[in-house]
Amino acid sequence: MEIKYNLTEEDYVKFNLFHIKNSDSASKSLNMQRYSIPFIYLIVAYLFSNLADIPFLYAFIPFLFVGILWVVFYPKYFQNRIISQTKKMIREGKNEGLLGEHTMLLTEEGIVDTNPTGETKVKWSGIIKMKEDQANLYLYNSSVSAYILPKREFKDLEEVRSYFEAKLTHLQK
């Protein structure tokens with residue numbers, strides 16, 4: 001089977017957002033940043049009230065308000081930061097092989113992905129998981145990288161999904 005597809009910057013951004021959302025270590029990092037900063041605000045409020053010789057409640061209320069805003073809005077900030085960092089990394093280097101036209105040849109042995117600057121090969125056993133979101137199929141070949149296949153490129157998504165599931169039987173344990 002041969003799949004021709006065009007990988008865009010938006011596809012790559014969606015992969016990074018998907019990966020961050022579904023990564024245990026990224027979730028832990030997000031939660032640590034989300035909840036530790038307001039805790040630090042409370043400590044600062046206590047120190048501020050002691051140093052400025054004002055009642056704790058007067059220092060506590062503004063810091064509590066800012067802490068609540070932080071908890072509520074930090075996930076959106078985190079997501080926007082991922083988007084901007086991903087776009088920045090794509091634009092700062094030579095990434096001709098990453099984006100653009102690709103041809104994926106699916107053989108009995110594995111995958112050969114060809115683009116204008118080269119090709120990559122992986123055996124079916126080298127695919128460690130298959131995931132998907134509304135826009136893309138992701139064939140992970142490591143814990144942090146995957147072949148990104150835009151669903152918009154498939155005439156019959158179910159046929160492609162079934163083909164991958166048949167070849168990735170080592171994942172169904």
Contact between [X] and [Y] at the side-chain level, heavy atoms closer than 4.5 Å - yes or no?
{"X": "Val112", "Y": "Met104", "result": "no"}
{"X": "Tyr35", "Y": "Trp70", "result": "no"}
{"X": "Ile3", "Y": "Leu106", "result": "yes"}
{"X": "Ile128", "Y": "Asn141", "result": "no"}
{"X": "Glu9", "Y": "Lys87", "result": "yes"}
{"X": "Thr114", "Y": "Glu2", "result": "no"}
{"X": "Ile83", "Y": "Leu17", "result": "yes"}
{"X": "Ile54", "Y": "Phe48", "result": "yes"}

>> The test is side chain to side chain contact (heavy atoms under 4.5 Å, CB included); show your working for Leu139 and Ile111 and say whether it passes.
In response: CA-CA 10 Å; Leu139 300 174; Ile111 297 170; 3.8 Å; yes
>> Can a side-chain donor-acceptor contact be found between Gln33 and Ser29 if the only test is distance below 3.5 angstrom?
In response: yes
> Taking the six-membered ring for Trp, are Phe78 and Tyr74 parallel (under 30°), tilted (30 to 60°) or perpendicular (over 60°)?
Replying inline: tilted
Let me check something: do [X] and [Y] share a hydrophobic cluster, defined by ILVMFWY side-chain heavy atoms less than 4.5 Å apart, either directly or through other members?
{"X": "Phe56", "Y": "Tyr58", "answer": "no"}
{"X": "Ile37", "Y": "Tyr77", "answer": "yes"}
{"X": "Ile43", "Y": "Met32", "answer": "no"}

>> Would Lys129 and Tyr140 count as a cation-pi pair here, with the cationic atom under 6.0 angstrom from the ring centre and within 45° of the axis?
In response: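 Here Lys129 passes the 6.0 Å and 45° test against Tyr140.
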>> I'd like to check the side chain to side chain donor-acceptor pair (under 3.5 Å) partners of Tyr12; sequence neighbours left out, ordered by chain and number.
In response: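 Counting only residues at least two positions away or on another chain, Tyr12 forms no side chain to side chain donor-acceptor pair (under 3.5 Å).
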Mind checking the [atom1]-[atom2] spacing from [X] to [Y]? Nearest 0.5 Å is all I need.
{"X": "Phe63", "Y": "Ile40", "atom1": "CZ", "atom2": "CD1", "value": "12.0 Å"}
{"X": "Asn16", "Y": "Lys21", "atom1": "CG", "atom2": "NZ", "value": "14.5 Å"}
{"X": "Gln134", "Y": "Asn136", "atom1": "CD", "atom2": "CG", "value": "11.0 Å"}
{"X": "Ile68", "Y": "Phe65", "atom1": "CD1", "atom2": "CZ", "value": "8.0 Å"}
{"X": "Gln79", "Y": "Leu30", "atom1": "CD", "atom2": "CG", "value": "10.5 Å"}

Would you name the heavy atoms of [X] and [Y] that are closest together and state the gap between them?
{"X": "Lys151", "Y": "Asp133", "answer": "NZ-O, 2.6 Å"}
{"X": "Leu168", "Y": "Met130", "answer": "CD1-CB, 4.0 Å"}
{"X": "Ser143", "Y": "His19", "answer": "O-CE1, 2.9 Å"}
{"X": "Lys167", "Y": "Thr107", "answer": "CE-O, 4.3 Å"}
{"X": "Pro38", "Y": "Gly67", "answer": "CG-O, 3.6 Å"}
{"X": "Asn6", "Y": "Pro150", "answer": "O-CG, 3.8 Å"}

> Between Phe15 and Ile20, does a side chain to side chain contact (heavy atoms under 4.5 Å, CB included) hold up when you go through it step by step?
Replying inline: CA-CA 9 Å; Phe15 166 69; Ile20 293 296; over 6 Å; no
>> Quick test of your reading: applying ring pair (Phe, Tyr, Trp, His ring centres under 6.0 Å), list the pairs with at least one residue in residues 118-137, sequence neighbours left out, ordered by first then second residue.
In response: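 Listed once each, the pairs would be none.
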> Taking only residues at least two apart or on different chains, which pairs with a member in residues 146-165 satisfy ring pair (Phe, Tyr, Trp, His ring centres under 6.0 Å)?
Replying inline: none
> Knowing that exactly one of Asn115, Thr8, Ile148, Ile90 qualifies, which makes a side chain to side chain contact (heavy atoms under 4.5 Å, CB included) with Leu99?
Replying inline: Ile90
> Could Arg161 and Asp156 be called an ion pair, given the rule that one side-chain N must be under 4.0 Å from one carboxylate O?
Replying inline: no
>> Please determine whether salt bridge (Lys or Arg N to Asp or Glu O under 4.0 Å) holds for the pair Lys121 and Glu109, giving the CA-CA distance in whole Å, both sets of side-chain angles, and the decisive distance to 0.1 Å.
In response: CA-CA 10 Å; Lys121 295 180 184 181; Glu109 294 78 37; over 6 Å; no
